[in-house]
Amino acid sequence: MSTVKTLMTADELLKLHGDGFRYELIEGELKQMSPAGEKHGAAIGRFTSYFGYYVYENDLGIVCGAETGYKLKSNPDTVIAPDVSFTRKSRLKEEELVDKYSTVAPDLVVEVTSPDDYPKKVQRKVKAWLDFGVLVVITINPNKQAINVFRPNSNDITLTESDTLVLDDVVKGFSYPVAKLLLKQK
């Protein structure tokens with residue numbers, strides 16, 4: 001006897017909320033995610049504060065938070081949500097924002113790794129974003145005090161607190177000391 005797996009659609013996922021969990025949809029399968037820990041949340045907040053301020057002060061585009069899902073594939077649907085995303089103003093106007101999951105690839109996404117994220121899982125997510133058309137994927141590892149930067153057809157770069165994160169190719173003029181983006185370990 002075989003078991004038939006019921007797949008969920010992006011529209012069904014959009015209607016599912018209110019139980020304290022975040023979800024992603026991977027090829028139609030619902031994946032529950034626990035709320036992030038404080039260190040994870042603080043890393044997101046720190047990056048979003050510095051980066052978002054720069055983007056909005058310079059009228060460069062929109063920055064979306066961790067609850068924003070993107071539909072990467074259809075039939076079966078895949079919807080994932082980065083911790084931070086950015087789309088250039090020239091590609092998407094605020095009045096064109098949708099109440100559904102966007103199918104437009106953001107220019108940049110940030111993923112903060114959790115202690116239970118193993119390297120292959122992080123690499124799969126980075127690859128999914130790059131395959132979707134994202135120009136820059138940044139992973140922040142608060143425990144290792146490092147930031148990795150991935151671009152299509154390019155070697156990844158690891159930055160530590162003595163380096164500067166430069167994103168001028170996607171976010172005009174943005175560069176910021178990595179030390180200010182990382183939480184200091186005491």
Working to the nearest 0.5 angstrom, can you tell me the gap between [X] [atom1] and [Y] [atom2]?
| X | Y | atom1 | atom2 | answer |
| --- | --- | --- | --- | --- |
| Leu14 | Leu16 | CG | CG | 9.5 Å |
| Glu57 | Asp59 | CD | CG | 10.0 Å |
| Lys71 | Asp77 | NZ | CG | 4.0 Å |
| Ile62 | Ser85 | CD1 | OG | 7.0 Å |
| Phe51 | Ile138 | CZ | CD1 | 7.0 Å |
| Ile26 | Leu72 | CD1 | CG | 8.5 Å |

Which pairs of donor and acceptor atoms, one on a side chain in residues 124-132, lie under 3.5 Å apart (sequence neighbours left out)?
unit_1 : atom_1 : unit_2 : atom_2 : d
Arg124 : NH2    : Tyr118 : OH     : 3.2
Lys125 : NZ     : Glu24  : OE1    : 3.3
Lys125 : NZ     : Glu24  : OE2    : 3.3
Lys127 : NZ     : Asp131 : OD2    : 2.6
Trp129 : NE1    : Glu111 : OE2    : 2.9

Considering all heavy atoms of both residues, which atom of [X] and which atom of [Y] are nearest to each other, and what is their separation?
| X | Y | result |
| --- | --- | --- |
| Ser114 | His40 | OG-ND1, 3.2 Å |
| Val170 | Phe86 | O-CE2, 3.8 Å |
| Pro76 | Leu7 | CB-CD1, 3.9 Å |
| Phe47 | Val110 | CE2-CG2, 3.5 Å |
| Ala10 | Val79 | CB-CG2, 3.7 Å |

Under 4.5 Å between side-chain heavy atoms, hopping through other hydrophobics if needed: is there a path connecting [X] to [Y]?
| X | Y | answer |
| --- | --- | --- |
| Val55 | Tyr53 | no |
| Val134 | Val166 | no |
| Tyr50 | Val149 | yes |

May I ask you to test the [X]-[Y] pair for a side-chain heavy-atom distance under 4.5 Å?
| X | Y | result |
| --- | --- | --- |
| Leu108 | Leu135 | no |
| Leu167 | Val136 | yes |
| Leu159 | Thr164 | no |
| Gln123 | Phe150 | yes |
| Val112 | Pro142 | yes |
| Phe174 | Asp168 | no |
| Met8 | Glu29 | no |
| Val171 | Asn58 | no |

- Message: Show, in sequence, the C-alpha distance, side-chain angles and deciding distance for Val122 and Thr139, and conclude whether the side chain to side chain contact (heavy atoms under 4.5 Å, CB included) test is met.
- Response: CA-CA 8 Å; Val122 174; Thr139 62; 4.0 Å; yes

- Message: Taking the six-membered ring for Trp, are Tyr101 and Tyr70 closer than 6.0 Å centroid to centroid?
- Response: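 Ring-ring flag for Tyr101/Tyr70: false, centres at least 6.0 Å apart.
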
- Using the test side chain to side chain contact (heavy atoms under 4.5 Å, CB included), find all partners of Lys73 that sit at least two apart in sequence or belong to another chain.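 Lys73: side chain to side chain contact (heavy atoms under 4.5 Å, CB included) contacts with Glu27, Thr78.
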
- Message: Run the side chain to side chain contact (heavy atoms under 4.5 Å, CB included) test against Asn141 and tell me which residues pass, sequence neighbours left out.
- Response: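 Residues passing side chain to side chain contact (heavy atoms under 4.5 Å, CB included) with Asn141: Thr113, Asn143, Lys144.
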
When you measure from the side chain of [X] to the backbone of [Y], do you find a donor-acceptor pair of N or O atoms at a distance under 3.5 Å?
| X | Y | answer |
| --- | --- | --- |
| Thr48 | Ile44 | yes |
| Arg22 | Ala66 | yes |
| Thr9 | Glu12 | yes |
| Thr68 | Gly65 | yes |
| Arg46 | Gly41 | no |

- Check step by step if side-chain hydrogen bond (donor to acceptor under 3.5 Å, both in side chains) holds for Asp107 and Thr87. CA-CA 5 Å; Asp107 294 295; Thr87 304; 4.9 Å; no

- Item | SB check Asp169 Arg151 (cutoff 4.0 Å) |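 Yes, Asp169 and Arg151 are salt-bridged.
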
- Item | Test side chain to side chain contact (heavy atoms under 4.5 Å, CB included) applied to Asn148 and Ile157, step by step | CA-CA 5 Å; Asn148 286 8; Ile157 300 168; over 6 Å; no

- Steps toward side chain to side chain contact (heavy atoms under 4.5 Å, CB included) verdict (Ile140, Leu182): CA-CA 8 Å; Ile140 300 174; Leu182 295 172; 4.2 Å; yes

